[in-house]
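Working notes for the structure below.
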Amino acid sequence: MVTKKKVVTNKPLKILFVSSEVEGLVKTGGLADVAKSLPAALKAMGHDVRIAMPYYRVLAQREQVEPCLSTELKVTSQPTAVPYQVIPLSSGDVSVYAIDAPQYFDRAELYAENNEAYADNGERFSFFSAASLDLCEKVGFQPDFIHCNDWHTGLVPFLLRTRYADSHFFAETKSVLTVHNAVFKGVYNYDQFSLIPELIQHRYMHLEMDAAHISMLKAGVAYANKINAVSPNYASELLTPLGAHGMDFDFNQRASDLFGIVNGCDYDDWNPETDPFIKQHFKANKISMTRGKKACKRDLQQQVHLPVKDVPLYGMVCRLTEQKGIHYLLPILQQFLVHDVQVAIVGTGDPRLAEQLHDLVKANPEKLAFVETYSNPLAHCVEAGSDFFLMPSEFEPCGLNQMYSLAYGTLPIVRSVGGLKDTVIDYDQTPQVATGFMFDAPTAEGLLISLQRSLLLYCQQPQEFKRMQQNAMACKFSWQESAERYVEMYMSDVLDSNQAAISSESISQ
């Protein structure tokens, strides 16, 4: 990974942002937040940005809109075409092309039901990739850049440089792939890619995870003009075996085209001065913050049925998975709860982890609360009412909750990985500008030491604690700045087909 010189353009760009989910329309994770906020920031800069996404059942039930296009996806090797429609929606001021193909997207959930992924996800999202390109020609939107996201869209760069290699329409179109989480590689058997016969022809490009399975993420990494990770530190981690989850060779092959750009934070939704979900609004000044957070703490304690008392309160909102570090917290939680503290955890996920938390609540009902739900209003209350926010992730490409926490003067306790390392300043390392606490070792003991450090500061140095809260609230991670970095990446001096990992000559073989 290298740093490229800054390139500025006054020419408005045409950008198609391809994502499997968009916050405000449908969401399962942080990808949706980016797919809402980054296109909006790019559009605010004057660029013509449009989004392509699937038209899921939940959208069909809510958005009764007439299609702007009724067509079909034709594949030369297939006897029948796949019919689909394009439903015009919007994400704020950004136009959305929702691809309606009921056989693929008219389902109860986006990717899985009852913790079991749909067996044909490879076919579903290979169709989505192909249709995203197909509709561009048919609606007359000729993008300068197609910005793809994660494995679901990994075949878009591949198709651009194979199926559309000689296309006049896409002759000047470049592709970018953002890796939000490399643990998900989109690995499927070749029989799921009947709509992408080009994959069979290009098996020599080492896109397979084994002889029978292809990785859609590997395809995107191999063929995109530019690749980026959602934080600089995560981009560096992708060059290592551990950080890349087995794809370090692929990322190292593209290291000269790999950028790290930290996500922004949507301060319209996460702002303690205007947040509609919290008990009392507050500003960054010490008096307002102290009074506001005290009222929000009382409210949170009441909502999660903890005693209303003035003790340090540690909040956590996450999916119950090992990625989020629950397996670091569980072994030491009972030991930490011997102190005069409270812990409030909100989230859903692995039933085994949830059961362990429920058992700990029974043993510590005055100190531990666990609310097994996904609730956006309650998440806001946890961010505003907690003194500290737990985010001991095993890996975290960027992370958003630590940014939300900083905005509310809630000090994050994080592991020094991915975007957490890029956005939180550890107290022991740089106390004057510190905004939280970090630990390095992927162990429960490392987390416990950080918890104890934070507790000592809260109890023994209250003025220092308040100063750190002020530091935290002064942090700003704007989407405007992130969008500017993306435009620099789009327009960097090496962004052309000759610099991609696979030359046009090799593709034509």
Side-chain angles (χ1 to χ4, degrees), residues 16-22 25-29 31-32 35 50-89 96-139 146 148-156 158-160 162-164 184-200 212-217 219-220:
L16 181 69
F17 198 89
V18 188
S19 177
S20 61
E21 54 186 85
V22 180
L25 294 172
V26 62
K27 173 181 175 177
T28 67
L31 166 60
R50 308 183 193 186
I51 299 171
M53 67 174 295
Y55 190 61
Y56 299 106
R57 179 185 298 175
V58 64
L59 286 173
Q61 292 172 340
R62 191 179 70 202
E63 305 281 353
Q64 300 297 323
V65 181
E66 290 297 315
C68 64
L69 175 69
S70 295
T71 185
E72 57 186 15
L73 176 68
K74 296 180 180 179
V75 181
T76 55
S77 63
Q78 298 300 305
T80 58
V82 181
Y84 72 94
Q85 295 181 318
V86 175
I87 310 298
L89 304 177
V96 176
Y97 297 128
I99 297 172
D100 182 18
Q103 68 270 43
Y104 293 128
F105 304 126
D106 184 15
R107 304 188 186 187
E109 302 293 342
L110 276 63
Y111 316 118
E113 290 183 45
N114 301 317
N115 289 318
E116 186 171 340
Y118 293 125
D120 62 343
N121 274 346
E123 181 179 351
R124 297 173 71 219
F125 289 100
S126 63
F127 164 78
F128 172 55
S129 294
S132 296
L133 291 168
D134 189 63
L135 73 84
C136 284
E137 289 188 286
K138 293 174 178 176
V139 301
I146 299 183
C148 309
N149 293 271
D150 273 350
W151 69 265
H152 320 86
T153 61
L155 294 182
V156 171
F158 172 83
L159 287 168
L160 264 179
T162 54
R163 180 176 299 180
Y164 293 97
F184 302 112
K185 301 179 181 64
V187 179
Y188 298 98
N189 191 285
Y190 268 97
D191 62 14
Q192 294 216 24
F193 300 109
S194 60
L195 298 177
I196 318 290
E198 295 88 348
L199 286 172
I200 303 298
H213 296 81
I214 189 173
S215 164
M216 295 169 73
L217 182 63

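The figures here come from the full heavy-atom set of this structure, side chains too, leaving out hydrogens, waters and symmetry mates.
Screening residues 99-118 for salt bridge (Lys or Arg N to Asp or Glu O under 4.0 Å), with sequence neighbours left out, gives Arg57-Asp106, Arg107-Asp120.
The neighbour count for Gln64 CD, taken as heavy atoms of other residues, nucleotides or ligands under 6.0 Å away, is above 12. Lys74 NZ: 12 or fewer foreign heavy atoms inside a 6.0 Å radius.
Using a 4.5 Å heavy-atom threshold, the side chains of Leu16 and Cys136 count as touching. Between Met53 and Leu25, the closest side-chain pair of non-hydrogen atoms falls below 4.5 Å. Under the 4.5 Å side-chain criterion, counting only non-hydrogen atoms from C-beta, Glu21 is in contact with Tyr111.
In plain terms, the two heavy atoms of Phe158 and Ala219 that are nearest each other are CB-CB, 4.5 Å. Smallest separation of non-hydrogen atoms from Pro197 and Val75: CD-CG1, 3.6 Å. The two residues Ile99 and Tyr84 have their closest heavy-atom pair at CG2-CD1, 4.0 Å. Counting all heavy atoms, side chain and backbone alike, Leu31 lies closest to Ser20 at CD2-OG, 3.5 Å. Listed here is the closest heavy atom pair of Arg163 and Leu195: NH2-O, 2.7 Å. Contact record, Leu89 with Ala98: CD1-CB, 3.8 Å, taken as the closest heavy-atom pair.
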Trace of the side chain to side chain contact (heavy atoms under 4.5 Å, CB included) decision for Thr80 with Glu72
CA-CA 10 Å; Thr80 58; Glu72 57 186 15; over 6 Å; no

Let me see the working for Gln103 and Val82 under side chain to side chain contact (heavy atoms under 4.5 Å, CB included), right down to the final yes or no.
CA-CA 10 Å; Gln103 68 270 43; Val82 181; 3.3 Å; yes

Intermediate values then yes/no, side chain to side chain contact (heavy atoms under 4.5 Å, CB included), Val96 and Arg50
CA-CA 6 Å; Val96 176; Arg50 308 183 193 186; over 6 Å; no

Let me see the working for Leu160 and Leu133 under side chain to side chain contact (heavy atoms under 4.5 Å, CB included), right down to the final yes or no.
CA-CA 8 Å; Leu160 264 179; Leu133 291 168; 4.0 Å; yes

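In this structure, the separation between CD1 on Ile196 and CE on Met216 is 8.0 Å, given to the nearest 0.5 Å. The CG atom of Leu59 sits 10.0 Å away from atom CD1 of Ile87, with the distance rounded to the nearest 0.5 Å. Interatomic distance, NZ of Lys138 versus OG of Ser70, reported as 11.0 Å (0.5 Å rounding).
Applying the side chain to side chain contact (heavy atoms under 4.5 Å, CB included) rule to Ala60 yields the partners Tyr55; only residues at least two apart in sequence or on another chain are considered. Scored by the ring-ring contact (aromatic ring centres under 6.0 Å, His included) test, Phe193 finds no partners at all (sequence neighbours excluded). With sequence neighbours left out, Tyr188 forms a side-chain hydrogen bond (donor to acceptor under 3.5 Å, both in side chains) with no residue at all. For Val139, the side chain to side chain contact (heavy atoms under 4.5 Å, CB included) test picks out Leu69, Tyr97, Leu135, Phe141, with sequence neighbours left out.
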Show me, pair by pair, the donor-acceptor contacts under 3.5 angstrom made by side chains of residues 124-132, not counting sequence neighbours?
| unit_1 | atom_1 | unit_2 | atom_2 | d |
| --- | --- | --- | --- | --- |
| Arg124 | NE | Tyr104 | O | 2.6 |
| Arg124 | NH1 | Leu110 | O | 2.9 |
| Arg124 | NH1 | Asn121 | OD1 | 2.7 |
| Arg124 | NH2 | Tyr104 | O | 3.0 |
| Arg124 | NH2 | Leu110 | O | 3.1 |
| Ser126 | OG | Gly122 | O | 3.0 |
| Ser126 | OG | Glu123 | O | 3.0 |
| Ser129 | OG | Phe125 | O | 3.1 |
| Ser129 | OG | His152 | O | 3.3 |
| Ser132 | OG | Phe128 | O | 2.8 |

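Gln85 contributes no side-chain N or O that, together with a main-chain N or O of Thr71, makes up a donor-acceptor pair within less than 3.5 Å. When atom types are taken as modelled, the side chain of Thr153 and the backbone of Asp150 share a donor-acceptor pair closer than 3.5 angstrom.
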